[in-house]
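Below is one structure, written out as structure tokens, with a few remarks after it.
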Protein chains: 2
Amino acid sequence: MKINKDMPAEEHSGPLMADVARLAGVAISTVSRALANPGRVNEKTRAKIDAAAKQLGYTPNAMARGLRVGKSNVVMIILPGSLYYGVSQVIPLVLQGINRSLSQNGYHLMIANLDRDEVSERHILDLAFGGTVRGAIILSSDLPVDGGRSLKDSALPIVSLLFDMSHVALPSVVTNDRQAVRDATAELVALGHRRFLYLAGPQGNYHDNERYLGAVEALAAAGLPETAIVRSGGSLDYQHGFQIGVAAATEFANLPLRPTAVIATSDDMAISFMSCVQRMGWKIPADLSIVSFDGAPVCEYSLPPLSTIEQPVEEMGQMAVNLLMERIDAPEKGAAIRHVIASKLIRRESFGPAPLEPDDFRSVRPKI
Amino acid sequence: MKINKDMPAEEHSGPLMADVARLAGVAISTVSRALANPGRVNEKTRAKIDAAAKQLGYTPNAMARGLRVGKSNVVMIILPGSLYYGVSQVIPLVLQGINRSLSQNGYHLMIANLDRDEVSERHILDLAFGGTVRGAIILSSDLPVDGGRSLKDSALPIVSLLFDMSHVALPSVVTNDRQAVRDATAELVALGHRRFLYLAGPQGNYHDNERYLGAVEALAAAGLPETAIVRSGGSLDYQHGFQIGVAAATEFANLPLRPTAVIATSDDMAISFMSCVQRMGWKIPADLSIVSFDGAPVCEYSLPPLSTIEQPVEEMGQMAVNLLMERIDAPEKGAAIRHVIASKLIRRESFGPAPLEPDDFRSVRPKI
DNA sequence: GGCCGTTTAGCAAACGTTTGCCAAAAATCG
DNA sequence: CGATTTTTGGCAAACGTTTGCTAAACGGCC
């Protein structure tokens, strides 16, 4: 007779492996082996066990297995906090791509939001150090820290997506931002543009630096002075990119020497910028060419359709997962590799030749 | 002497509760009580334990705890599959809202994609029956099923978000779609509109029915015939809503009796529709009024700004989480309640009086 | 029938917690 | 100061798997 000294799981619903074993007339260990290690067990018994399992609707308890083998089958994605500055348009695609790849590898996806508060950082570290997750994909340039613990110190395999974190030893999947902007800017120069406006994202953002540098390099290569480009935005105070575009529009309107081409760090800000300046009376692309970043589907349907430098996020997500899987299988293998995926400029109508400059272009302002 | 017969966790990184206990000079059980049950332990010992834990960087193993107590602290969100038909714009907001609420309750968020394939359904059921998740929030109208097992049969607390699933005993958080469309349509009627186009989402979608009925009811109330509204779209073949809008635009152009007002099931399709018809030469809102659904931030920056019926998704997510928490705490309490949250029409420029009808309106077609 | 090679049964020890129960200590009271 | 009540600490058994080991069962072969 069994003495029930403690009473933990009063509501433990499902069938156990022991039930399957009983029904199939085999030992528990055989069931375990049949379900996990193929080949370790006779095909006939295996079929019997499978049938029994199906009949009972048996599902192995993931926590028990995880505890025993010391591994989980969950990967977390750490999203930048409060949030999604420019990339809100593209987040669902990222998630979908990553989730699909993980599924194929038998993993599940957990979301962690890196808000700027202590609680969220603690939660992330609890997941990392508490054995809940097996690996992480991070979409932010700073790693969470909380009282002594730091993600960096964890043994957790991590790969960085969109941001280049190879300098802190994280394998990173990025696009060739700088190159892409350089090319796009060069094209704009070839189209006659001589004055540029750059819409920046959050201060110090990795992409910002890269992209801005790309533009600057292209100007230098064309023999244009550095003053040919004006940088706008760069505040962290905005909830999302749209607001940056709105602010930039008024800034644009007040510039004494108005640029004829705009390069935006994200589609969000380009869309709102474009909307505002058009309502102020400028024509796109007649007065102003615009090109932005991310390749959000909605760009195709703005007025005019927005040229954007597409980040192939699905492909990138897949690659990030692959890298993570490698890291999981062989933790020490390979130092931080930077994988660069080519982004490509999708040319749409927002992109055209520079307007002819009237002699008094300084005072030119369209009538509404 | 300890015999090491099996060798499971070769790489077990972190400190254990036993280490904390040793460092603090107390028993393991005391540590456990100190960390979990406040008040069950002397304040002084507690401080000692906290210090020791922090010094070691100790994080409790979630799987061990979960196994012992028979509960996890993970909730999954089941997203409609291949996917995000119309709501892609709004998914990040939903996720963020839900994640924030869950965090406050000490839960983590796991993503499950309900693609239409067997693998994804199996994964979801593994999560549900394998004890990995403690509850689920579902954004789809059909529940996953896989060989014998069905989500419906699981003891898992589930709440439905956006879709009314109260008829299958799931607490549901929805907006008053029908009412909102009825009101919006009535307003359009009052503005002189007499012919409507309705852009539908995937066939049989709950929202579609509701919203379409709302429009029909408004027409009936105004004494207009049912033929006053034309229904377009409704195919499942499109990857996302944008394509529905494009297809609807050509359909619109070919209608002999052109509608003067358009009601779209999602912002996505409204945006692409609007873009297309404007490029064909129609003026919005002069020739055509448009109103859509979801309240995506981007609507504010379309040209013209798009009127949209906002679904307060953050609030809805929060409510869904609250309902789920109730269900978790008291599984049998309360049958399937339907919580209706008011959506509100955000009136923007895409919404205006009906154009004056020339006598030969049948042949009217703007010149480009 | 004896021998050998596969399979499977059975056992038991983990994995790292939580928790009921009892003993010990501390606090309170007469 | 001893007795009684309250609080706190420690022991050990679970939670549901996996896995190494040994021994037994089974089948085929000479």
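Hydrogens, waters and symmetry mates play no part in the numbers below; they use all other heavy atoms, side chains included. Throughout, protein chains are lettered first and strands after them, A, B, ... in sequence-line order, and every chain is numbered starting at 1.
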Of the candidates C:dG20, C:dG10, D:dT19, the side chain of A:Ala27 sits closest to C:dG10
Could you check whether A:Gly25 gets within reach of a base, just the sugar-phosphate, or nothing at all, counting any heavy atom under 4.0 Å? sugar-phosphate
The residue, B:Thr30 or B:Leu67, whose nearest nucleotide of DNA chain C is more 5′ is B:Leu67
Side-chain touch B:Asn113/A:Arg100, heavy atoms, less than 4.5 angstrom: no
Yes or no on salt bridge (charged side-chain N to carboxylate O under 4.0 Å, His left out) for A:Asp126 and A:Arg149, after CA distance, side-chain angles and deciding distance? CA-CA 10 Å; A:Asp126 285 348; A:Arg149 301 179 303 172; 3.0 Å; yes
note: B:Phe129, atom CZ; D:dT17, atom P; distance rounded to Å ~ 15 Å
Rounded to the nearest 0.5 angstrom, the CG-CD1 distance for A:Leu151 and A:Ile138 is 6.0 Å
Q.
For a quick check of understanding: with a heavy-atom distance under 4.0 Å over all strands, which category does A:Thr45 fall into, base, sugar-phosphate or nothing?
A. sugar-phosphate
A:Arg46 CZ to C:dT7 P, in whole Å, measures 13 Å
Whole-Å distance, A:Asn61 CG to D:dC15 C1', equals 8 Å
Picking from C:dT18, D:dC21, C:dT17, the nucleotide nearest the side-chain atoms of B:Leu16 would be C:dT17
Output for pair (A:Asn322 CG, A:Arg327 CZ), nearest 0.5 Å, gives 14.0 Å
* Considering just the side-chain nitrogens and oxygens of B:Arg68, establish if one lies under 4.0 Å of OP1 or OP2 belonging to D:dA14. => no
Between the CG atom in A:Leu162 and the OG atom in A:Ser141, the distance rounded to the nearest 0.5 Å is 11.0 Å
Rounded to whole Å, the CD-P distance (B:Glu43 to D:dG9) equals 12 Å
### Message
Side-chain N or O of A:Tyr58 versus OP1/OP2 of D:dG16: is the shortest distance under 4.0 Å?
### Response
no
B:Arg65 atom CZ is separated from D:dC15 atom C1', nearest whole Å, by 14 Å
Taken to the nearest whole Å, NZ/B:Lys48 to P/D:dT8 is 13 Å
Whichever of B:Ser29 and B:Ala64 has the more 5' nearest nucleotide on DNA chain D, that residue is B:Ser29
Here the distance between atom C1' of D:dC26 and atom CG of A:Asn42, to the nearest Å, is 11 Å
A:Lys71 NZ to D:dG16 P, in whole Å, measures 23 Å
